Structures are given as structure tokens and as C-alpha cells.
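Single-structure report; data block below.
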There are 2 protein chains.
Amino acid sequence: MAAPLDNLPRKQREFQQREQLILDTAQGMLHEHGYAQLTMERIAEAVEYSKGTIYNHFSSKEDLVCSLCCRCVSNLIELFQRAYEYPGTTRERFAAIGIAYSLYHQLNPLDAQNIQIVKTNAVREKLSEEKQQELGALEREITQLCMNLVNEAIEAGDIARSENHTADAIVFGFWSMLYGGILLAQSDIPLEDLGFSPVIMLLWNNSQRLMDAYDWQPLSKTTDTDALFKKLCSALFAEEMCKLTQGESHHG
Amino acid sequence: MAAPLDNLPRKQREFQQREQLILDTAQGMLHEHGYAQLTMERIAEAVEYSKGTIYNHFSSKEDLVCSLCCRCVSNLIELFQRAYEYPGTTRERFAAIGIAYSLYHQLNPLDAQNIQIVKTNAVREKLSEEKQQELGALEREITQLCMNLVNEAIEAGDIARSENHTADAIVFGFWSMLYGGILLAQSDIPLEDLGFSPVIMLLWNNSQRLMDAYDWQPLSKTTDTDALFKKLCSALFAEEMCKLTQGESHHG
DNA sequence: GACATTTTTTGACGCATCGTCATATTATTG
DNA sequence: CAATAATATGACGATGCGTCAAAAAATGTC
């Protein structure tokens, strides 16, 4: 994703490097102290440039936060791509996308908050046309990736053709379930008060159910879904799973 | 829900009335001009009181917006209650809750944005302990209502008992699907670019599928779900449906 | 190396908004 | 009607965004 910043005039290279420095710093501050504490002044101080220089890179605070959001979506796309390219059935590959999604948010819960902030109208309103385009392009890219896979499945006959089984309806169904699940788990209704099982497995189970409901072959009856989950995780996301279990041991 | 404000000392009655006035005004301004344009100064001006008086009612801007959010959730609870009390099968009643949810958000899309803003950490951080409690209580109330119905269904044997079929997992599944669907439809990934069918029907279909996946009797095979949708709508939400179609004719 | 020109950086400033609090206003009571 | 309590007010301090003229640094020319 990152542009090939070698071979560029030195000036531009420095510019890009500084941009990354600013973003890294801002992300760190955001994660550590929250959105309310994130000010342009403080960022400038932290990177040892002045406020004016920051505004040289980002036309507003919102634009800066949106840039962070773009990086998050890019990371997510990278994971999705990996799932997409898995050599298995369309159902396995789509399931893997679901894992990628859960996993990313489990690993980077603070990024999810970040994304949520940018989705807020109060912030969107203030974005520059450019940043809006940039984010929009990424959102379209990631949606398209899912759509492509579902269309593949329909064309291959893995999903029965039906008027209700359009690719967009199906993607909408899964996406909303995962998205809602993540948000719900994060900050919403206090389900964890009720002794809740790990969100990632809940979402996996519900996804499998929904796939069955769409008659997406091969059905879960004929599959050991627990084994499939483990197989996909270790084949595609070994590194991420590792980080996840490490992270948990810190909390426990 | 609203306290019986007759029979109270005149002073307190006036206080409560003014509080409602402020909230109504703020909601209007929020809907009309967006969150960014909503300032305490402007609210004060609009209600013809001073800023200090507003702060007499709400300890911060965030608290005020959260109060709006509480009213929204209360309204939603009222709709849910209606669905809960419908004299039908547990499945029908739960389906009706789903309709209530979609319908509310379809009718009050701006309320949904409002709720979203309050869910943002940037805002939550600044809420007073009291308001957090107040919102939390409402959220628990509405969750509990759903849980109760699902538990009823499990006890009545409408949902097969299984280790994966705990009430919280089931509520989580539906809630996340609906919640995610609403948010997605609202401001998110540009699915509507792809020629999208009405969200409310998508969610209805997906909910029915998910219920089938949980083996929630009577299954959709044995039911005319389109007819059921219409029946529930006219029995419970005639008034709301009316508003909805009116609203649409304005846009068309 | 000295000077001119372009580019980049800087931080003081203007502006908007939040939330406070001493003062002014209104209501209540003896 | 005066004394006292309750309430409303808006000027004020603080914070943070975004701008821009001036300073500093980099680049180019002789």
C-alpha cells in the first residue's frame, strides 16, 4: 500500500516520513489518552515540530484522524486479501474474511473506536473533499472484495440462485452482523455483565448459521466447523493469533 | 415513563417543563444543523434563557446530548414493549421487536446519529456519572426485555435447547445484525451505490433466516413471512407505518 | 563564500466555544 | 414593605482550532 518512497526526491521522501511520524505519534496519543485529549498543539509538541507544520500535512484535526482511519482500513484490506486468496471453497474463504474482521478488531479495539469516531457525522461534515474521497475509495475497495467473492460463489453454484440471494444483500447481511457485533461488544449494551462468551466465537457461530441459511455449500452439517476455524486461523492468521493470546495473558 | 408532573410544587413543574423545552429545542437544532453547529450559546438564545440556566439543567454539552439519547431509547422501549405484548407466538413477538427497531430508525434516522454520537468514546468520557447511569439503566432495560422474550421462547420449547442457544448469544446475534444493518445503511460503506433494496426488508429477511438457523418454531417454511410482516405492522405499528409512507412521498 | 530567491517552519494571533461564578434579578416570607 | 432565599444572567478565563506574516532554512547563482 505505502508508496515506494525510495527513488523520490529527498524532499518528498522526508515529507512522507514526517507524515508517518505524525500519524504514528497521533495514534499513540489517541490510544493512550483518548480523543478528547488529542490536540494539534500536543501532537506538534510530541513530534517536535510546530502546529503550522502539522497543518502543512493535514488540513484539520478531522483530516488527521481520518488519515489514521484510512491506515486502519488499509490494514484490514490486507487481512481480507489474505483470506480471499486462501485456496479453499468459497464458503471457507468467506468465513476466513469473517475471522479476519473479528480478529482485527479483537487485536486493535482502539482502532475500532477510531473508525467509529470518523463515521460520526459531526466529524464527517468537517472532512476535506480529498480525505472523504480517500476513505470512500478504501471503503469501496474492501466492499468490492467481499462482493467479488460472493459473486464467485453464486456463479460457481455454491449459493443457490434466488431473488433474495443477490450479492449485495448477502454481503450486507454478514457485514452488518459482524460490524454490529463488534460495536456491541465494544461499548454498547452491557452484555458482558451477563457472563458473555468470547465475541469472536459468537460471531463465528452466527456467521456459520447465516451461511447455512443462504444454503451456502458445503453446509455446516457436513463440516467440523470448530476444526475449520482452527485450520483457517493457523493457515492465514498464525501471527495475529499469537499476538492475541499474548495480549490476553497480560490482562489475565 | 415521564414523571407525573401534576401534583408537584409549581417550581419543580416549571423546572421540568423548561427541561423539556430545552431538549426539544436542542433536538430540533441538532436535526436541522448538525452536531457541529449545536452550541450551548445558541440553545440558550433559542429558548430565551441564558447559558447559565442551561447549565443549571445539564452539567455539560455532552450530558445534554446524552439526555436526548435517553429520550430516544425510552421511545424505543415503548415500541419494544408493544411488540413484547403482542398476543402471538414467541417467534412472532420477537420478529415484531425487530420490526420495531428497524421502523424506529427508518422513521428517525437523525436520532440514530444522535445515539451514535453518544456511543463515541470521545463523548462518553465526558459524561457525568449520573447521566452514564441513566443511559446504562435504559440500555439494561431494553436488553432485558429482549432477553426475557428469548428465555420465554426457550422455556416454551420454541427454541431447541443447546449449549450454543443461550439467551444472551441469541439476543447478541439479532441485535448485532439489526444494529449493524442500521448503521451500515446510514452512513457507512456505500452499498446504496449498488442499487440497494429497502433496508427494512433486508433486515426482516435476514432476521427470519437467523431465526430458522436457531430452529425457532414455527419455521419460515411453514409461514408466509411476507403476510406475517404486514400483519405485525398493521396490528402494532399502524401509526408509524403511516408516518413512514408519508415521509417517503415527500422525498419522491 | 556572498548574495538573491524560493521553500519551509514558526508561533503569536483571532475566533469560537466551553463552563464558571460574582452579581443582578426575581420570588418568598415575616 | 423590607429581609432573605432562590434563581438567572452574561462577563470572564481557559482551551483549542486554524491562519498568516515574519523568521529561518534551503537552494540556486555568480
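A quick note: this is a predicted structure, and the numbers were derived from the prediction, not measured. Within every chain, numbering begins at 1; the chains are lettered A, B, ... in the order of the sequence lines, protein sequences first and strands thereafter.
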Task: Any residue meeting side-chain hydrogen bond (donor to acceptor under 3.5 Å, both in side chains) with A:Q133, in chain and number order, not counting sequence neighbours - done: A:E129
TODO: Return yes when atom CD of A:E130 has more than 12 non-hydrogen atoms of other residues, nucleotides or ligands closer than 6.0 Å, and no otherwise.
DONE: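 No, the 6.0 Å shell around CD holds no more than 12 heavy atoms from other groups.
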Open item on the list: Counting only heavy atoms from other residues, nucleotides and ligands, does the tally under 6.0 Å from CD of B:E239 exceed 12?
Closed with: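 At most 12 heavy atoms, drawn from other residues, nucleotides or ligands, come within 6.0 Å of this atom.
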Open item on the list: Walk along nucleotides 7-20 of chain D from 5' to 3' and tag each nucleotide B, S or - by protein heavy-atom contact under 4.0 Å, base first, then sugar-phosphate.
Closed with: -SBB-----SBBB-
Open item on the list: Per the side chain to side chain donor-acceptor pair (under 3.5 Å) rule, what does the pair list look like for residues 31-48 of chain B, sequence neighbours excluded?
Closed with: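 Every pair satisfying side chain to side chain donor-acceptor pair (under 3.5 Å) with a residue in residues 31-48 of chain B: B:H31-B:D111.
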Open item on the list: For A:F237 versus A:R82, what's the shortest heavy-atom pair and its separation?
Closed with: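 So the minimum-distance heavy-atom pair works out to CD2-NH1, 3.8 Å.
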TODO: Whole angstrom is fine here: how far is it from CD in B:E14 over to P in C:dT26?
DONE: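 To the nearest whole Å, that distance equals 15 Å.
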